[in-house]
Amino acid sequence: MPDFHLIATFVIIVATIIAYASERWAMEGVSLVSLAAVLIVFGIVPYSGIDGAVLEPEQLLAGFSNPALATVIALLIVGQGLFATDAMELPARKLGRMGGSSTFRPILFILVGAAVISAFLNNTPVVVIFIPILVVIAAQRSISPSRVFIPLSFITILGGMTTLIGSSTNLLVAGVVRDYGYEIGFFDITGMGVILALVGGAYVLGVLPRLLPERDAELSVGAKSGAQFIGEITLSRDHPFVGISAKAGMFPGLGDLTLRMLQRRDVPVLPPFEDMTLSVGDTLVVTGTRKAFSKVLARGRAGLEADDGQSDETPQDLPPGPDYHLAEAVIAPGSRYAGRTIQLSGLRPQFGISVLGVQRKSRMARSALSDIRLEPGDTLLIGGPVDAIQRLRGNHDLLLLEHSAQAVPQSRKARIAVAIFAAIVLVSAFSLVPIVVAAICGAVLMLLTGCLSILQAARAFDRQIFLLVGSSVALATALESTGGAALIASSSLSLLEGAPPGVILSGLFLVMAALTNVLSNNATAVLFTPIALGIAKGMGVSPEPFIAAVIFASNASFATPIGYQTNLLVMGPGHYRFSDFLRAGTPLVIIIWLTFSLLAPWYYGL
């Protein structure tokens, strides 16, 4: 029953795209339903191809072991390692300064640079390079991530169309046409490719950010807060603050922390601090944001402590590991901790956490943190292993602010994370090993070196992407196996029979540009390369414009997240939905098609 399978496949694909675009249902649910539907159709009524081979469920489920999917997930974990070590903070700050006071200028510099680099380096690692930098700059400039990451993906795809090595699709087409006796040089597609990139780039840089929704990243409560906590730091022998001298009555070497009082041999010293140098044994009563305290902890030997039951080597005396988190909790009305000092609260023996700072709406006197009596409404900055913090859930005396737990950056391991990342990019760029191998090995090294924890790696895993790719590959496999893709190609071209070469070239481009957003770009290229060469031979014209049409149209995978690997990479960081790609990418597909249709006959002399 080949007609049944063909019709059923078309119905499922159309229904799935409509369901994705409507956003009435969760993407995961739509993916699972479409996967179940295609498995039921081909499971209950088995399909046999022309060669008699049966399309097995294993082939339909092959998408879940797809190397592209494994690559995306592994690269997301590697990116999480860069975030967890603050490795991109310095380069992002330098790039941000290049833009001056302008909000979008540094983003513009990055996007243009990414387009140029992607012409000579496969665009997937280029996107991986710039995602963590854009995350930091977007946060610094208060730009919604949803306005920058789709442009990053699209601009690298456009840049990758300009040279033979810019995209794996280009190389794939070159390999196929070589079997037919044609050779494509490194810059043979550059002329038309640059024209398409410039026209498409004008849309991506000038129009696209205005079309994308303002969808903020889901930051934790503490990450959003700029509230000041008061805390206490005791300087141990090798503490990084030892030896810092006062200037103009303050200690600028403390970074974002402000010194409120210094205790030296139990003698309190209040500002201004003239002619003083911090020494071992000093106790600093400081105020700062949660981020400021997190930076101090990340440097190691922070000495942040005012809790009871301290041992000679507390968790804060040593650099915290990737499992160490900061969180915020509020003293509840009627709490048994109200009226107690932090020293006598018993929080550490009960929960295994440490109180690092206190925030109070009313004014607090300058005093040691250990002397402050807790009041209802006080917000405590607490630190400890994530398991210890989770034990606070459900406690009625100390109310944990949900989603406020955030890992302390492993800043001292930033160089290790950068080295791992650079190794992945280099071995992938020079094709020393497949990118999937490099990405998975890099993800494992991030875990083994302690750049991030298993929990942080799990957060990088996006189930939406996993299910979306798995179900989409199943639908694409069904479409190819039943001859649906070939039917679309032959039917479309039969409508153009007898038309001038330029019209046929335009129609061929449009069909490929549409299919590349449903099938993979590589599948579209392999399917249409022989068709394009056959059309050129039959018409007695040069095959060059038709080969170029296959390359450019197969790369025009802008309208769906499954169209190209870079779209999947930016989907998580940008918090995108399926409809965002339809809304943002469909106009670009049309622009590229119209530009090629109008200029290709002139450029190639048809």
Side-chain angles (χ1 to χ4, degrees), residues 220-222 225 227-236 239 260-261 263 266 268 281 283-288 290 293-294 296-297 301-321 323-408 455:
S220 67
V221 174
S225 173
Q228 297 281 315
F229 291 86
I230 185 167
E232 189 174 289
I233 301 176
T234 300
L235 302 188
S236 55
H239 196 284
R260 298 283 301 276
M261 184 179 74
Q263 278 190 319
D266 296 326
T283 297
L284 315 181
V285 178
V286 296
T287 57
R290 171 176 167 163
F293 281 95
S294 181
V296 174
L297 279 171
R301 291 196 172 273
L304 288 168
E305 187 60 47
D307 215 341
D308 58 326
Q310 292 188 61
S311 60
D312 292 336
E313 190 176 85
T314 66
Q316 283 69 53
D317 289 329
L318 297 174
D323 191 50
Y324 193 89
H325 283 57
L326 292 184
E328 296 175 24
V330 178
I331 302 294
S335 170
R336 62 192 179 97
Y337 301 118
R340 298 186 186 183
T341 63
I342 295 175
Q343 272 192 329
L344 300 177
S345 65
L347 288 172
R348 169 175 286 180
Q350 184 178 0
F351 297 106
I353 61 173
S354 300
V355 178
L356 308 176
V358 179
Q359 175 199 339
R360 180 173 294 170
K361 292 182 179 180
S362 60
R363 177 181 173 85
M364 281 194 295
R366 287 187 175 92
S367 60
L369 186 61
S370 55
D371 296 333
I372 296 175
R373 293 190 177 273
L374 299 176
E375 298 177 0
D378 286 350
T379 300
L380 306 185
L381 180 64
I382 58 176
V386 66
D387 292 340
I389 290 175
Q390 288 176 347
R391 284 197 292 269
L392 284 174
R393 289 179 174 173
N395 188 286
H396 299 295
D397 295 301
L398 189 60
L399 306 177
L400 179 67
L401 297 182
E402 292 294 336
H403 308 298
S404 69
Q406 196 173 37
V408 173
L455 180 62

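Everything numeric in this text was worked out from a predicted model, so none of it was measured.
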Query raised in the report: To the nearest 0.5 Å, how far apart are CG in Asp378 and CG in Leu381?
Result: 13.0 Å
Query raised in the report: With a 4.5 Å heavy-atom cut-off, do Arg360 and Ile372 have their side chains touching?
Result: yes
Requested in this report: Spell out, as yes or no, whether a donor-acceptor pair under 3.5 Å connects the side chain of Gln263 to the backbone of Thr283.
Outcome: no
Report summary line: Distance col, row Ile382:CD1 vs His325:NE2, nearest 0.5 angstrom, shows 12.0 Å
Requested in this report: Measure from the side-chain N and O atoms of Arg290 to the backbone N and O of Leu326, and report whether any donor-acceptor pair falls under 3.5 Å.
Outcome: yes
Requested in this report: Determine whether Leu400 and Val330 make a side-chain contact, defined as any pair of heavy atoms from C-beta on separated by less than 4.5 Å.
Outcome: no
Query raised in the report: Would you say Thr379 and Phe229 make side-chain contact, with heavy atoms under 4.5 Å?
Result: yes
Query raised in the report: Any idea which heavy atoms bring Pro385 and Gly352 closest together, and the distance?
Result: CD-O, 4.0 Å
Query raised in the report: Distance from Ile353 atom CD1 to Leu347 atom CG, nearest 0.5 Å?
Result: 5.0 Å
Query raised in the report: Can you check whether Leu392's main-chain N or O pairs, donor with acceptor, with Asn395's side chain at less than 3.5 Å?
Result: no
**Report entry** Closest non-hydrogen atom pair, Phe351 against Ala388
**Finding:** O-CB, 3.3 Å
Query - Phe293 versus Ile230, closest heavy-atom pair with distance - result: CZ-C, 4.3 Å
**Report entry** Any donor-acceptor N/O pair, Arg373 side chain to Arg340 backbone, under 3.5 Å
**Finding:** no
Query - Set of residues satisfying side chain to side chain donor-acceptor pair (under 3.5 Å) with respect to Gln350, sequence neighbours excluded - result: Arg336, Tyr337
Query raised in the report: Minimum heavy-atom separation for Ile331 to Leu374, with atom names?
Result: CD1-CD1, 4.0 Å
Report summary line: On a heavy-atom basis, the closest approach of Ala332 and Pro376 is O-CB, 4.0 Å
**Report entry** Non-hydrogen atoms of Ala327 and Ile389 that approach each other most closely
**Finding:** CB-CG2, 3.9 Å
